[in-house]
Structures are given as C-alpha cells and as structure tokens.
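Structure, as structure tokens:
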Amino acid sequence: MFKKILIANRGEIACRVIKTARRMGILTVAVYSDADRDALHVEMADEAVHIGPAPAAESYLVVDKIIAACKQTGAEAVHPGYGFLSERASFCAALEKEGIVFIGPKPKAIEAMGDKIESKKFANAAKVSTVPGYLGIIDDADHAERIAGEIGYPVMIKASAGGGGKGMRIVWSKDEVRDGFERARSEAKSSFGDDRAFIEKFVVDPRHIEIQVLADAHGNVVYLGERECSIQRRNQKVVEEAPSPFLDEATRKAMGEQSVALAKAVDYQSAGTVEFIVDRDRNFYFLEMNTRLQVEHPVTELVTGIDLVEQMIRVAAGEKLPFKQADVMLNGWAIESRLYAEDPYRNFLPSIGRLTRYRPPREGKTEKSVVRNDTGVFEGAEISMYYDPMIAKLCTWAPNRLAAIEAMGEALDGFVVDGIEHNMPFLSALMKHSRWREGRLSTGFIAEEYPEGFAPVTPDEEQTALLAAVALSCSLAEANRRERYGDRLRPAAGPLRESWIVKLGTDYLPVTLLEGVVTIPFEMDMQIGGKTVTVATDWRPGDAVWVGAVGARKLTAQIRTVLNGLRIDWQGLSVRAKVFTPRQAELDKLMPIKLPPDTSKLLLCPMPGLVVSIAVAEGQEVKAGETLAIVEAMKMENVLRAERDLIVGKINAKPGESLAVDAVIMEFA
C-alpha cells in the first residue's frame, strides 16, 4: 500500500480524499494556487505545495507542476479527484513515465471513453444502446445546421471534451442552431481548451440515470447500482439520489450488465460511471462514461456501504476487489443536495465573496437517518470567481425515499450560510415539491416547474401561523433577557402583555398569550387564528437556528436579526417578522412604503463576472431578444439580451473588464 499520495485537486473533493487516506494510514499532499493559500484542503493535508497563480490554467491544470510537487514530497501516487486533470490521458501517461501511480484508469480507457464521440463509437461496437446522432466532428455552423436537420429537432449540441454541463446546448429549431453551436464551442474552448462539438438527438422528457462501476486490474468488474441525476439546471446536476425511484429490477440489471461489458471492453480499472438517458418507457441509451470519481458518489457509498475512494486507492495499489457482484446490496435511500454559491432569485447567477457565517448541520447517524456533509470551506473562507461555485454537498440517508427527503429538508433548514447568496432556499423548497416527492422526474424538471425562475415562496395560512409563533417566541425570549440585566436603569416592564400583533411581510396576525410568565427554555400556550398551540424551544437570543415545536409540528428554522425585527428562513420560505403591540401595529400601517429605484433604462451586470464581449454600439437600435453583451462567471457564459426594443445610449464597460454585481454595463436612451 502507498505511504503517501498527492491530491491533484482542491475544495471538497480534495478534503474527501484526505479523509479516507487518513483513515487508511496514508499521508497526503495538497497542492494549492494563490487563491487557495488558506483553503481547508491545505490545512487538512499532511503537506502542501504551492503550484501557481489563481487561474486553473496556470496552476491546477499544469502537469509539470503536479509532477514536480510529487518529486518534492516523495508522493508515490496521485488522486485526481474530478474535473481539472482527472480525465486527461496525457496526465496519466506523464505520471507513469515518472514512476508515479495514477489513482484511476489507464490511459487507454481514458482515451477511449474520455472523448464523447469516440466513446459512442466504442459503445456501439460493444453492443451498448446509444442515442441516435452524428458521431463525427461538426466543422462549422453550416455543417451543424445541416446535421441537425437530418437528425430532426430537438437536438443536443455537445462539446466532445465536455463535462459538468459546460459546452452543451439544446436546440429546438433551425433558428437556434448557429447561436447554440457558437456558444457550445466557445464554452468548451474556455473550459477544456478543446472546441470540438458533435450533435445527437435530444430525448424528450428524459431521465438522467447513471451506473457506478468498480473494476480492478485482475479482470473483476462490478456495478454498484444506479444514481438518479435528473434534477438539473443548465445541464448541471443539482440533486441526486440512489437508487432511482423509476427503475425496476430488470432495467437496473440490464443497465448494470451493459455498463460492466463496456468497462471490460476497455480494460477499465478503478471507479467509473456509465451515464444513460432513460425515456418514459424505460428504454435507455448510453450517454458517456466518466473515467473518474463522480461528484455525486456519496449517495452510492451511503446505500452500499462501500468507500469508493478507498477502493480506487486499493485498485491502484494492485489489490483485488474484496467483493463480487452477488455481494453488492442496496440498503435504504440516499439523497445529495449540491449547495452552490448561486442566487436563486436572480436565475441562479453566481455569487462570490466571503462566508461570514458557515454552520452546517451536525453530521452523524441517528436511529432514523444519517447526515453527511462533504465540503471544502469553513467560516471566513472565500468563494472565488476562479473555480466551481460549490460550497458543499449535503447528503442524507434513511430506510426509504420519503424519510430521506424529510431528513434532507430538516438538514437544509439547519444549514446556516451568510455572506454570499446561495441556492439553499431553492433546495429547501424542492424537498416539499409534490412532483419531486412523488418521483415524477425528468431533466426538464426545473425548467418546467420554474419557467420564470425561482421566486420567493409565499407562506400559506398554516405556515403563516407557525412562523408567527416562532417570531413571537423569539421576541419574548429577547425581552426576557433584557428584563434580567442586573444593571438596567429602567424598571421591569410589568406584567406580560396578552395581546400581540406579528407582522409577516405585509400581513398582520393577532396572537394571544394564554400564560403570564416567560420561561427559558421557552414553553408557552398561544392562540393563533382561533387555534391554541403550545410553543416549545431551547432557542436563545443570538442562536442562528431555532429548533422546537409548534403544537404537534416539529420544525427547524434559521433566525437572522434585521432592522427592528427578524428574518426567518424555513423550507424555502424567507419572511421578515416584526412583533408589535396592537397600538404599534396601527401606527406601522401608516408608515410610507419605500419604492425601489427605476432601472428600466440600465443594463446591470447580474453577477460578478468578466465581460466577454459587447455586441452593440452607442446609438444602435436593438430589437427585443437581441444580444447586448456576454458575461462569463465561473466558466459559464451568460448572454444578456434586450428585454424590449431600445436604443443604446452610453456603454460603460468593455471586453476583458471585471464587474461587480449590479454594475452598469450600458445605459439606454
């Protein structure tokens, strides 16, 4: 077994590999760029080597620097994680030339499966079901238009060297081909240094289901069940689960056996994933094979009990798999939610900055569930514009799917992140979405259910009553603390008032207290909306999370102090609450409402990013839908289009310029 390995990656996956290596008694070496000097993976590793500036092309993607770090530290093997160099055959070959073991498949398998075009040809030869399409390289936009017409719309334009949803565009008509082709090629060039693209048929209402395989150097290959990855946004996975709520045992077996056959055909060694598109009739088609560890691998580990990173290391060290196919059992249900630094209320645009507060839920096993949080950040860490926007991968396990969903909802409610915008409100709301809970999924789920984007959720009558009870309990607990100050100058407020008004958003809700004494821990009967409930909690002023019960309903909510009140975040809801006496509420209703500024004549940068291009000139007349500018953030290009017919006035930004969120790109006449 290896004595020391180097992790050629960063963030949560580097931390994940370090945890397993530490348990196995293996020393670890981290590498880091200027932007990651104080990163968590650097702190966790036994040694750390600086490898260059922040841009990945000058640090994490430079093979010579990784090899030099291995020689400097005496690392015998390299685990690549995912992304960066993980699927680059030349990197694997370069390591082998230096006598360093690559913890992953051999170059032959990476080359055969790493290129989407070649992998489909290989899959056809291995009798694996594939999606109809054109397996050659698309030369230009004219060629793309002709091929798309021959295949029949809709089609998917995909980067040959792509991954992670980058360099992919769905095209529904001839009018969209040219723009989709150019955007896919441009993203592929900037992300992978390879702008080759191909076209295949887009399956309507598809599910994205993948099979985890594990193979050793002795000819043993097994599949470890499937993962459902259909909850996607812009072809980027957001929530995954294992097993799939859609597959039956016969389909699972057929997909697994084809995956094993493909792995054997390329002499695969290590962990790998064979991805399929599955239609509504459970027909499945090969999509691609990822010759690396997947982002969503924890859900497979939770339902099989197999540590995939450990098996990758053991296989690379020449060991045989310690189990056979018949030994693989799927136990319970696991869900993974990807917590991204994205603003769900701005169409999930990237958000960067410092984590002023980062309090994940407690990890571990209880009688009914398991909570696991894979992360590479900590309170005070910075989310950089140079890398992937992932903050953490929150996973839950339970004996069945609904129990796992409930555990995830509770864990998300207790996950506190401040300082940047993030997609937690969306993830929390999703856990209560009826279609998700019923398992009626497709890769178009988010686009279909949130066609106008994710908007703030409005509480219903029951939720309003629950939140009012939480708000009043917090207000009374704070008042109780003030009453106990030993050196206060004013006398106590006297008997506890019975009648209160809780303002939630713009609604005023009367609440009557049925007891005259506040205790800490808090427990009191209240009358809300004609119903009497007992509110109980251990919450104390300053706590970020409120855990307790309102009547028979147990809940976990996040509490943040705002001007003259509180903000409560729960199950995707985010409401501002103020507690008034009846007279104060009457006066509050008379207060004028501040109107937001008029920005209709401005094009604002929707997120921190780099201006790729300005598509118009000052004085130009523009029609609704035409491109105004393209801004890149976290390797994704965002096209900013005109929302109406207009005339361009002053242009304030130029290509290559870095902009902050809401910076004025141009003004309209």
Side-chain angles (χ1 to χ4, degrees), residues 1-111 114 192-193 216-217 269-272 291-293 308-319 376 384 386-388:
M1 182 49 63
F2 307 117
K3 294 181 180 178
K4 183 185 292 187
I5 65 173
L6 181 144
I7 298 99
N9 217 298
R10 63 174 300 280
E12 63 86 14
I13 189 57
C15 297
R16 161 72 187 91
V17 175
I18 290 170
K19 288 179 181 178
T20 287
R22 181 183 294 167
R23 181 173 55 79
M24 296 175 69
I26 300 172
L27 297 175
T28 55
V29 179
V31 292
Y32 63 94
S33 68
D34 289 345
D36 283 336
R37 188 174 299 275
D38 299 317
L40 183 60
H41 75 283
V42 175
E43 179 183 336
M44 289 179 62
D46 296 293
E47 299 177 65
V49 179
H50 177 250
I51 55 171
E58 300 175 45
S59 51
Y60 294 105
L61 289 171
V62 182
V63 173
D64 290 344
K65 291 184 177 180
I66 302 298
I67 292 176
C70 290
K71 292 180 177 180
Q72 176 184 331
T73 59
E76 306 158 81
V78 172
H79 195 300
Y82 53 75
F84 293 143
L85 297 169
S86 62
E87 293 180 282
R88 189 172 294 185
S90 59
F91 176 53
C92 180
L95 289 175
E96 287 187 350
K97 185 178 179 180
E98 298 293 335
I100 302 168
V101 177
F102 179 74
I103 302 176
K106 299 301 180 183
K108 173 188 172 184
I110 298 175
E111 289 174 349
F192 314 110
D216 62 24
Q269 301 171 28
S270 193
T291 54
R292 54 169 168 81
L293 190 68
L308 290 172
V309 172
E310 177 182 349
Q311 294 306 317
M312 291 179 75
I313 294 172
R314 293 191 181 281
V315 167
E319 296 184 12
S384 168
Y386 296 102
Y387 311 117
D388 188 271

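Owing to the predicted nature of the structure, the values given are computational and were not obtained by experimental measurement.
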Between Gly81 and His79, which heavy-atom pair has the shortest distance, and what is it?
N-ND1, 3.0 Å
Tell me, do Asp388 and Tyr82 make a side-chain contact under 4.5 Å, heavy atoms counted?
no
Hey, what do you get for CD1 (Ile13) to CD1 (Ile18), rounding to the nearest 0.5 Å?
10.5 Å
Only one of Leu85, Ile103, Val78 passes side chain to side chain contact (heavy atoms under 4.5 Å, CB included) with Leu95, and that residue is Val78
Donor-acceptor contact below 3.5 Å, side chain Ser86 vs main chain Gly83
yes
Heavy atoms only: give me the nearest Leu6-Ala69 pair and the separation to one decimal.
CD1-CB, 3.7 Å
Taking NZ in Lys3 as the centre, count heavy atoms belonging to other residues, nucleotides or ligands within less than 6.0 Å. Is the count above 12?
no
Test side chain to side chain contact (heavy atoms under 4.5 Å, CB included) on Val17 and Thr28 and set out the steps.
CA-CA 9 Å; Val17 175; Thr28 55; 6.0 Å; no
Strictly distance-based, threshold 3.5 Å: is any side-chain N or O of Ser59 a donor or acceptor partner for the main-chain N or O of Pro53?
yes
Do you know the tightest heavy-atom contact between Ala54 and Ala35?
CB-CB, 3.7 Å
Is Arg314 salt-bridged to Glu310, cutoff N-O under 4.0 Å?
yes
Output the distance between atom CD1 (Ile51) and atom CG (Asp64), rounded to the nearest 0.5 Å.
12.0 Å
Parallel, tilted or perpendicular, as decided by the 30° and 60° cut-offs, for the rings of Tyr387 and Tyr60:
perpendicular
Has the side chain of His41 got a donor or acceptor atom that lies under 3.5 Å from a matching backbone atom of Glu43?
no
So do the side chains of Val31 and Arg10 get within less than 4.5 Å of each other, counting heavy atoms only?
no
Can you give me the closest heavy-atom contact between Val49 and Gln72, atom names plus distance?
CG1-OE1, 3.8 Å
If I take atom OG1 from residue Thr20 and atom CD from residue Gln311, how far apart are they, to the nearest 0.5 angstrom?
10.0 Å
Point-to-point distance, once rounded to the nearest 0.5 Å, from CD1 of Ile110 to CZ of Arg292
11.5 Å
Derivation and outcome, side chain to side chain contact (heavy atoms under 4.5 Å, CB included), residues Met1 and Ile26
CA-CA 8 Å; Met1 182 49 63; Ile26 300 172; 3.9 Å; yes
Would you give the length of the straight line joining atom CD1 of Ile5 to atom CD1 of Ile100, rounded to the nearest 0.5 angstrom?
13.0 Å
Min side-chain heavy-atom separation Leu27-Glu47 under 4.5 Å
no
For Glu58 and Lys65, work out which heavy atoms get closest and say how close.
O-NZ, 2.9 Å
Hey, could you give me the CD1/OH distance between Ile7 and Tyr32, rounded to the nearest 0.5 Å?
14.5 Å
Heavy-atom nearest pair, Val63 first then Ala94, reads CG1-CB, 3.9 Å
May I ask you to decide if Pro80's main-chain N or O and Asn9's side chain share a donor-acceptor pair within less than 3.5 Å?
yes
